[in-house]
Amino acid sequence: MKEVTRFAPSPTGLLHLGHAHSALFAKKAAGPQGRFLLRIEDIDLGRCRPEFETAILEDLAWLGLTWEEPVLRQSERLPLYQAALERLSGEGLIYPCFCTRKEIEAEIAAAGGAPQGPEGPLYPGTCRHLPKEETRERIAAGEAHALRLDMAEAARRAGPLTWRDRKLGEMKAEPEALGDVVLSRKDAPGSYHLAVTLDDAAQGVTLVTRGEDLIPATSVHRLLQALLDLPLPEWLHHGLLLDDEGRRLAKRDKAATLAALRQAGVTPEEARAKAGFPGPL
Ligand code: GLU
């Protein structure tokens, strides 16, 4: 089987060495016979910028990477996400959530805390059982809302699930750890979890490579694959590149951006070595 992998950055800043590690990892995982795709994850309209997308393409080419055209942009695929949301809605698995971040924090404080998920406290479920009438009226009045997965019900319907990581082996899916995740944001008709799952399936990705910080998210994607009858890829989670102080690289680390390294006279070979892939591509 021809391996199909992808690198899927969000154009919300300049690529740094951590991204280079991820991109090179995905390219290597495709192998010389496989296909390596590039996908721009730009549904977060408030934070994504076209100039960052241009910079991503430049930086990856400078690094020596080649990828299969066309480059997919999530902002062009919103009808696909919409169709999946309608299906899940028809099955009674998602619900509108009007809460603001502040309201969620206040609700959690009033309840004396909330179970902690890997990404922070879980959504307390405020809007899960709003009367249908109230929900309809608030939507009709134009009130902004997200769509959340009713996790307990979704997990119950899907039953026990596992997923396979090529390094870690067979993993038990534990999507409940993330609670009622957002599948459609207030400001965009989709979310990371929904879009990444649908696009990996649509693009025929056979091996999803990503940082190990996203292992909890993989369980949610596995659940969505089950709910939406999507083909099953395998996964390979990689360790995160750390800076000299042992901290995770972030977009704020300007010195580690590929653009800064290039300007400082670092060669593509040297940058690849710094990103954990010495030697020819
Ligand atoms: N857009 C995501 C990121 O930049 C992609 C992660 C993934 O591969 O699922 O973190």
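Counting starts at 1 for both ligands and their atoms, in listed order. Everything numeric in this text was worked out from a predicted model, so none of it was measured.
- Residue E41 approaches ligand 1 through these ligand atoms, each under 4.0 Å from one of its heavy atoms: 1 (N), 2 (C), 5 (C).
- In summary, the atoms of ligand 1 found under 4.0 Å from a heavy atom of V196, numbered by their order in the structure, are 9 (O).
- Using a 4.0 angstrom heavy-atom cutoff, H19 does not count as in contact with ligand 1.
- Close approach of ligand 1 to R6 is summarised as follows: ligand atoms under 4.0 Å from at least one heavy atom of the residue are 7 (C), 8 (O), 9 (O).
- Within 6.0 Å of NZ in K167 there are more than 12 heavy atoms belonging to other residues, nucleotides or ligands.
- Using a 4.5 Å cut-off on side-chain heavy atoms (C-beta onward), T218 and H237 make contact.
- Q203 and R39 share a side-chain donor-acceptor pair at under 3.5 Å.
- F7 does not count as a contact of ligand 1, since none of its heavy atoms falls under 4.0 Å from the ligand.
- For ligand 1, the atoms sitting less than 4.0 Å from at least one non-hydrogen atom of S10 are 1 (N), 4 (O), numbered in the order shown with element in parentheses.
- Below 4.0 Å from some heavy atom of Y192 lie the following atoms of ligand 1, by number and element: 6 (C), 7 (C), 9 (O).
- Under the 6.0 Å distance and 45° angle rule, R138 counts as a cation-pi partner of F98.
- No more than 12 heavy atoms of other residues, nucleotides or ligands shown are found within 6.0 angstrom of CD on Q33.
- Under 4.0 Å from ligand 1, the heavy atoms of L214 that appear belong solely to its side chain.
- Both tests pass for R262 against the ring of W62: distance under 6.0 Å to the centre and angle within 45° of the axis.
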